[in-house]
K.L.:
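Have a look at this one before I ask anything.
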Amino acid sequence: MHAKKSLGQNFLVGTHYPERILASVAPQSSETIIEIGPGHGALTELLIATQANIIAVELDRDLIPELQARFGSAPNFRLIEGDALAVNFGELLQPATAARVVANLPYYISTAILQRLIEQRAHIREMTLMLQREVVERIVARPGGKEYGYLAALVQFFCETKKLFDVPPGAFRPIPKVTSSIVQLRVREQTVAAVADEPFFLALLSSIFAQRRKTLWNNLRAAKGKFNLDDLQLRAALTAANIDAQRRAETLTLEETAQLSNQLWELT
Ligand code: SAM
């Protein structure tokens, strides 16, 4: 199989893992499923057979003719040539309003695609994603632990997370160097805590985790220009949120981070 490294192509071979992924998703015939990066269609074929409406988004135009030839005549299949980082899921889904997403993602876009899917979460109920095992461990980590950081905070604020199972390198061609894992993210009806301004909260999240070795105080000070806040205001917000400035961001619960965000937002 010809594979493009630049597009992170490692294709599932055999039926065992595609079938396990399908069983984890268990599509209903009335729902819409978006598959990102169908590749040569290992999972697509199984998805189509469930009778659910399948919309596949593939960036590599060289794969389009093969996918179209194999599945184009299925009435419940639609193929979009495009970049999953750029598509508008709301428009894509019409006439449905929400869907579940399945993807075996190229590793180099994992963070970007997670950010994008979370941004578009009004149209997404659940995501079943194959990612590098280390990335999945970072997504499901709990505050205080070594793995906990920006990715966990971001994803867990908006989704319930569950690691399902590992997929060994031998399940793919070409064989990757790393083990993969499947993680399921269920979009919460409400975020873990209420935030006054979501873009501000997201910007704060990335700032407080900018330098892992630094204290919360030092990360906040490094970002104060971005937020147009001075030291006094930072101190006031930390005190009001009852958070010790010498802590590290990875020890903060999401509720505490939301509190801090709301206090800072009031001062901007
Ligand atoms: N799902 C197939 C499988 O499991 O065998 C292929 C998985 S392969 C790791 C990733 C797929 O995503 C490739 O087909 C690649 O061309 C596609 N891809 C890469 N970047 C993409 C993007 N930004 N938007 C949509 N598809 C993308």
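As the structure is a computational prediction, the values presented were derived from the model and not from experiment. Counting convention: from 1, in listed order, for ligands and their atoms alike.
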K.L.:
Atom NZ of residue position Lys226 - does it have more than 12 heavy atoms of other residues, nucleotides or ligands inside 6.0 Å?
P.N.:
yes

K.L.:
Which residues satisfy the ring-ring contact (aromatic ring centres under 6.0 Å, His included) test with Phe165, sequence neighbours excluded?
P.N.:
none

K.L.:
Got a salt bridge between Arg138 and Glu147, using NZ or NE/NH1/NH2 to carboxylate O under 4.0 Å?
P.N.:
no

K.L.:
List by chain and number: which residues place a heavy atom under 4.0 Å from ligand 1?
P.N.:
Leu7, Gly8, Gln9, Asn10, Phe11, Leu12, Glu35, Gly37, Pro38, Gly39, Val57, Glu58, Leu59, Asp60, Leu63, Gly82, Asp83, Ala84, Asn104, Pro106, Tyr108, Ile109

K.L.:
Kindly write out the residues that satisfy salt bridge (Lys or Arg N to Asp or Glu O under 4.0 Å) with Glu19, not counting sequence neighbours, or none if the list is empty.
P.N.:
none

K.L.:
With sequence neighbours excluded, give me every side chain to side chain donor-acceptor pair (under 3.5 Å) pair touching residues 75-84.
P.N.:
Arg61-Glu81

K.L.:
Does atom CG (Asp62) have a neighbourhood of more than 12 heavy atoms from anything else shown, all under 6.0 Å?
P.N.:
yes

